[in-house]
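Everything below concerns the one structure shown next.
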Amino acid sequence: MKPFIYETMYILRPDLGEEMTDQAIAKYQTILRDRGAENIETQHRGKRRLAYEIGKHRDGVYVQMNYTAPGAAIFPMERAMRLSEEVIRYLTIKQDVPDAPEPEAEAEEEAVA
């Protein structure tokens with residue numbers, strides 16, 4: 001199974017301390033690594049104002065993860081986020097990466113020119 005490139009953005013409760021925030025980030029990275037994810041880049045974007053209130057929260061701690069993983073790795077991570085008290089919103093998208101042209105096609109184009 002070919003791995004894909006994913007981006008997951010999630011928002012943690014604003015009342016979590018720095019230590020609890022770091023533990024939550026490490027937990028989701030571990031879930032992904034255990035299921036074969038690689039190249040995990042995490043960006044802690046800090047506390048920001050939400051566009052609208054979510055569960056009586058006006059602020060949230062934004063975290064973005066970019067990684068390469070098989071599709072089967074996403075469900076367990078999102079399930080853990082859904083059941084967690086600390087995550088108030090999450091979204092995972094699969095990024096479109098253009099396929100690299102095959103070497104044969106490049107050689108043919110050079111031969112024609």
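Values below: every heavy atom of this structure, side chains too, minus hydrogens, waters and symmetry copies.
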Hey, what do you get for [atom1] ([X]) to [atom2] ([Y]), rounding to the nearest 0.5 Å?
{"X": "Ile74", "Y": "Arg79", "atom1": "CD1", "atom2": "CZ", "value": "15.5 Å"}
{"X": "Thr8", "Y": "Met81", "atom1": "OG1", "atom2": "CE", "value": "6.0 Å"}
{"X": "Thr21", "Y": "Leu12", "atom1": "OG1", "atom2": "CG", "value": "6.0 Å"}

message = Which residues pass the side chain to side chain donor-acceptor pair (under 3.5 Å) test with Gln29, not counting sequence neighbours?
response =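 In terms of side chain to side chain donor-acceptor pair (under 3.5 Å), with neighbours along the sequence ignored, Gln29 is linked to Thr42.
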
key: Working for side chain to side chain contact (heavy atoms under 4.5 Å, CB included), residues Ile25 and Tyr10   = CA-CA 10 Å; Ile25 292 169; Tyr10 56 99; 3.7 Å; yes

Side chains of [X] and [Y]: closer than 4.5 Å at any heavy-atom pair?
{"X": "Glu86", "Y": "Lys27", "value": "yes"}
{"X": "Arg35", "Y": "Pro76", "value": "yes"}
{"X": "Met77", "Y": "Arg82", "value": "no"}

query = What about Met20 and Tyr28, same hydrophobic cluster or not, with Ile/Leu/Val/Met/Phe/Trp/Tyr joined at side-chain heavy-atom distances under 4.5 Å?
reply = yes

task = Carefully, step by step, assess Glu7 and Leu91 under the rule side chain to side chain contact (heavy atoms under 4.5 Å, CB included).
result = CA-CA 8 Å; Glu7 178 180 303; Leu91 177 68; over 6 Å; no

inquiry  = Between Ser84 and Ala80 (side chain of the first, backbone of the second, donor and acceptor by atom type, cut-off under 3.5 Å), is there such a pair?
reply    = no

inquiry  = Take a 6.0 Å sphere around NZ of Lys94 and say whether it holds more than 12 heavy atoms from other residues, nucleotides or ligands.
reply    = no

query = Are more than 12 heavy atoms from other residues, nucleotides or ligands located less than 6.0 Å from atom CD of Glu19?
reply = no

inquiry  = Strictly below 4.0 Å, N to O, side chains only: are Lys47 and Asp59 in salt-bridge contact?
reply    = no

inquiry  = Does either side chain, that of Asn66 or that of Gln64, offer a donor lying less than 3.5 Å from an acceptor on the other one?
reply    = yes

message = What I want to check is whether the side chains of Glu78 and Thr92 have a donor and an acceptor closer together than 3.5 Å.
response =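 On atom types as modelled, these side chains qualify, holding a pair under 3.5 Å.
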
Could you report the tightest heavy-atom contact between [X] and [Y], atom names first, then the distance?
{"X": "Tyr67", "Y": "Ala37", "result": "CD1-CB, 4.4 Å"}
{"X": "Glu53", "Y": "Arg58", "result": "N-NH1, 3.1 Å"}
{"X": "Ala73", "Y": "Ala69", "result": "CB-CB, 4.1 Å"}

Met9: hydrophobic cluster co-members (side-chain, 4.5 Å) =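 Members alongside Met9: Ile11, Leu50, Tyr52, Ile54, Tyr62, Ile88.
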
request  = Dump the intermediate steps for side chain to side chain contact (heavy atoms under 4.5 Å, CB included) on Val61 and His44, then the final yes or no.
outcome  = CA-CA 8 Å; Val61 178; His44 186 294; 3.8 Å; yes

task = Applying side chain to side chain contact (heavy atoms under 4.5 Å, CB included), run through Arg13 and Glu85 and close with a yes or a no.
result = CA-CA 8 Å; Arg13 284 190 353 237; Glu85 295 279 325; 4.0 Å; yes

